[in-house]
Amino acid sequence: MIISPRIRQNICINAHPVGCAAQVKAQINYVRKRGKIEGPKKVLVIGASNGYGLAARIVSAFASDAATIGLAFEKPGSAQRTATAGWYNSEAFRREAQAAGLPAWNVNGDAFSEETKSEVMTVIKDQLGKLDFLVYSIAAPRRIDPVTGEIYSSVIKPIGQPFTAKTVDFLTGVVSEVTAEPATGEQIAHTVKVMGGEDWLMWVDRLLAENLLAHGFQTVAFSYIGSEQTRPLYRDGTIGAAKKDLEQKAQDINTMLAAVDGRALVSVNKALVTRASAVIPAVPLYIALLYRVMKAKNLHEGCIHQIHRLYRDFLFGQDVLQLDAGGRVRLDDWEMRPDVQSEVRKLWQQVDQETIGEFADIKGLREEFLRHHGFGMPGVDYAQDVAPDLL
Ligand code: NAD
């Protein structure tokens with residue numbers, strides 16, 4: 001099969017196996033060039049197949065020589081259909097880790113379910129004994145409550161009043177205005193159920209109950225705050241409510257972890273194009289302006305750069321952990337620099353259909369989005385016939 005991108009409503013519905021493998025390899029090469037970090041050795045990454053979670057697995061293994069278990073919820077390919085990008089990424093990671101002599105196990109399943117939790121507990125018991133580090137990096141549209149069976153769906157909506165803002169379709173470059181209607185009370189509660197901290201806490205609770213956490217165990221989950229342009233929709237909206245819940249749960253998990261002298265942290269990360277963030281209204285325009293400003297200042301980072309900096313400069317490379325007043329790691333420190341934010345604000349006010357190409361890094365966004373699905377990777381021959389279930 002000749003595989004080229006198939007995109008529906010800003011969602012890429014296929015992926016390229018060789019391109020995904022090349023993209024994983026490029027991240028590994030970045031980490032290898034930067035030397036070793038004295039980090040954890042037995043690591044579980046939940047949401048390990050894409051974006052921040054994949055980067056965390058790569059840094060754990062290739063900078064700190066960790067044995068990793070990667071949990072993700074992906075679809076394999078068949079003779080007629082490609083697998084999801086995350087499936088190819090996880091398989092590519094496993095091959096690279098094996099070639100480097102680094103133990104790696106992939107688990108594919110729904111992290112919210114008790115069955116998947118049991119499966120992962122067995123792998124930990126059989127292969128690792130105890131865990132040093134857990135990265136919780138899920139971006140999910142829905143969750144089935146393991147106790148009641150009820151299905152919860154997350155929405156990205158403002159709270160209290162409608163939100164109207166400029167946005168851009170980063171695939172066509174068309175600038176328009178969008179209005180998002182406010183969420184109902186039920187939608188807010190459901191989004192918190194899916195994207196809040198409850199499942200993270202359930203994982204730690206289960207790991208503790210099964211005595212699978214090493215002394216000094218640490219865990220991290222990722223949050224986002226962002227700028228005033230996206231605030232009504234993001235931080236003050238439904239997803240923000242979920243992130244505030246995640247940050248609150250970090251405190252509860254910390255209390256639980258006193259038993260093993262452990263620690264739970266939230267890292268507030270930078271806005272990036274991933275499969276998850278590409279579908280949020282207004283956010284692509286903000287990201288395109290931000291990329292343009294940060295690239296001009298030589299401050300631009302992708303997932304792998306962010307996570308490498310998280311390990312080296314915050315979690316494992318320093319004697320004193322720098323936290324903000326809310327007890328969070330601020331990996332968004334460069335995004336939130338006053339000079340960066342004031343330039344983005346100025347561009348946001350001025351940008352229109354005529355100036356979008358000049359003011360915003362639409363091309364960079366598009367390329368990064370496609371790379372997440374294995375397209376546009378240098379050195380990959382996209383004219384070549386490949387079997388979608390090959391890897
Ligand atoms: P992503 O879409 O790139 O990856 C999500 C991962 O979650 C994938 O590995 C997927 O397989 C896994 N997953 C989804 N549902 C699952 C389920 N039910 N069971 C098991 N695995 C499941 O997402 P991302 O952008 O890297 O986001 C990861 C985290 O980082 C999220 O909490 C997100 O809010 C946060 N974050 C993202 C950004 C950003 O700009 N992308 C910024 C700050 C924080």
Side-chain angles (χ1 to χ4, degrees), residues 5 7 10-12 19 23 26-27 30 50-52 54-55 85 137 139 156 165-178 222-231 233-235 239 267-310 330-378:
I7 296 166
N10 280 14
I11 295 172
C12 186
Q23 185 263 124
Q27 294 193 49
Y30 172 85
N50 268 304
Y52 279 118
L54 173 62
S137 183
I156 300 162
K166 279 185 229 179
T167 192
V168 67
D169 180 328
F170 67 94
L171 295 168
T172 60
V174 172
V175 179
S176 62
E177 205 172 70
V178 278
F222 302 130
S223 186
Y224 183 65
I225 294 178
S227 75
E228 66 197 57
Q229 282 78 32
T230 55
R231 180 170 289 273
L233 184 69
Y234 198 97
R235 187 67 188 183
I239 290 283
S267 171
V268 181
N269 294 2
K270 171 187 191 265
L272 279 174
V273 185
T274 58
R275 291 190 326 158
S277 61
V279 293
I280 308 179
V283 166
L285 178 59
Y286 169 74
I287 296 180
L289 299 172
L290 181 74
Y291 275 25
R292 146 89 207 271
V293 171
M294 291 187 82
K295 282 181 183 175
K297 290 178 184 288
N298 223 0
L299 291 175
H300 178 70
E301 294 176 296
C303 288
I304 196 70
H305 315 99
Q306 278 261 290
I307 297 296
H308 189 266
R309 197 156 67 84
L310 174 68
R330 297 305 297 264
L331 210 51
D332 64 344
D333 47 356
W334 298 353
E335 171 180 354
M336 299 314 287
R337 255 173 46 170
D339 59 321
V340 170
Q341 284 302 313
S342 97
E343 283 184 42
V344 170
R345 193 178 315 119
K346 235 184 280 162
L347 293 174
W348 180 279
Q349 280 152 5
Q350 293 167 9
V351 73
D352 56 19
Q353 194 62 65
E354 242 163 71
T355 52
I356 186 83
E358 186 193 340
F359 290 174
D361 185 20
I362 297 290
K363 185 169 167 280
L365 228 76
R366 200 180 294 140
E367 285 171 358
E368 196 171 314
F369 174 76
L370 288 172
R371 278 201 302 273
H372 279 302
H373 300 86
F375 297 109
M377 285 303 297

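Positions are given from 1, in the same order as the sequence printed here.
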Show me the donor-acceptor pairs, under 3.5 Å and distance only, between side chains in residues 356-364 and residues at least two apart or in other chains.
residue: D361; atom: OD1; partner: G364; partner atom: N; Å: 3.0
residue: D361; atom: OD2; partner: K295; partner atom: NZ; Å: 2.6
residue: K363; atom: NZ; partner: E367; partner atom: OE2; Å: 3.1

Query raised in the report: Q341 side chain to G226 main-chain N or O, any donor-acceptor pair under 3.5 Å?
Result: no
Requested in this report: List the steps and the verdict of side chain to side chain contact (heavy atoms under 4.5 Å, CB included) for Y52 and I307.
Outcome: CA-CA 7 Å; Y52 279 118; I307 297 296; 3.6 Å; yes
**Report entry** I7 CD1 to F375 CZ distance, which is reported to the nearest 0.5 Å
**Finding:** 8.0 Å
Report task. Check salt bridge (charged side-chain N to carboxylate O under 4.0 Å, His left out) between D352 and all other residues, then give those that pass, not counting sequence neighbours. Result -> none
Requested in this report: Classify the ring geometry between F369 and F170 as parallel (under 30°), tilted (30 to 60°) or perpendicular (over 60°).
Outcome: perpendicular
**Report entry** Worked check of side chain to side chain contact (heavy atoms under 4.5 Å, CB included) between L272 and C303
**Finding:** CA-CA 7 Å; L272 279 174; C303 288; 3.5 Å; yes
Query raised in the report: Near E177 CD, under 6.0 Å, is it more than 12 heavy atoms from other residues, nucleotides or ligands?
Result: yes
Query - Side-chain touch R366/P284, heavy atoms, less than 4.5 angstrom - result: no
Query raised in the report: To the nearest 0.5 Å, what is the distance between CD1 (I11) and NE2 (H373)?
Result: 9.0 Å
**Report entry** Option passing side-chain contact (heavy atoms from CB on, under 4.5 Å) with W334 (candidates E301, H300, K297)
**Finding:** E301
Query - Check against side chain to side chain contact (heavy atoms under 4.5 Å, CB included), L54 and Q27 - result: CA-CA 9 Å; L54 173 62; Q27 294 193 49; 3.9 Å; yes
Requested in this report: Could you tell me whether a side-chain N or O of Q353 sits under 3.5 Å from a main-chain N or O of V175, the two making a donor and an acceptor?
Outcome: yes
Report task. Without swapping roles, check the side chain of Y291 against the backbone of V273 for a donor-acceptor pair under 3.5 Å. Result -> yes
Query raised in the report: Are side-chain heavy atoms of F222 and L310 found at a separation under 4.5 Å?
Result: yes
Query - Smallest separation among heavy atoms of M377 and A26, with atom names - result: CE-CB, 4.3 Å
Query raised in the report: Quick one: OG1 on T230 to CD1 on I156, what's the gap to the nearest 0.5 Å?
Result: 11.5 Å
Requested in this report: Please identify each residue that fulfils salt bridge (charged side-chain N to carboxylate O under 4.0 Å, His left out) with D333, with sequence neighbours left out.
Outcome: R309
Requested in this report: Using atom types as modelled and distance alone, determine if a side-chain donor or acceptor of S227 lies under 3.5 Å from a backbone N or O of Q229.
Outcome: yes
Query raised in the report: Rounded to the nearest 0.5 Å, how far apart are CD1 of I239 and CG of L233?
Result: 9.0 Å
Query raised in the report: Does the side chain of V340 reach to within under 4.5 Å of the side chain of E335, using non-hydrogen atoms?
Result: no
Query - Separation of I225 CD1 from M336 CE (nearest 0.5 Å) - result: 7.0 Å
Query raised in the report: Hey, is the main chain of K270 close enough, under 3.5 Å, to the side chain of Q306 for a donor-acceptor pair?
Result: yes
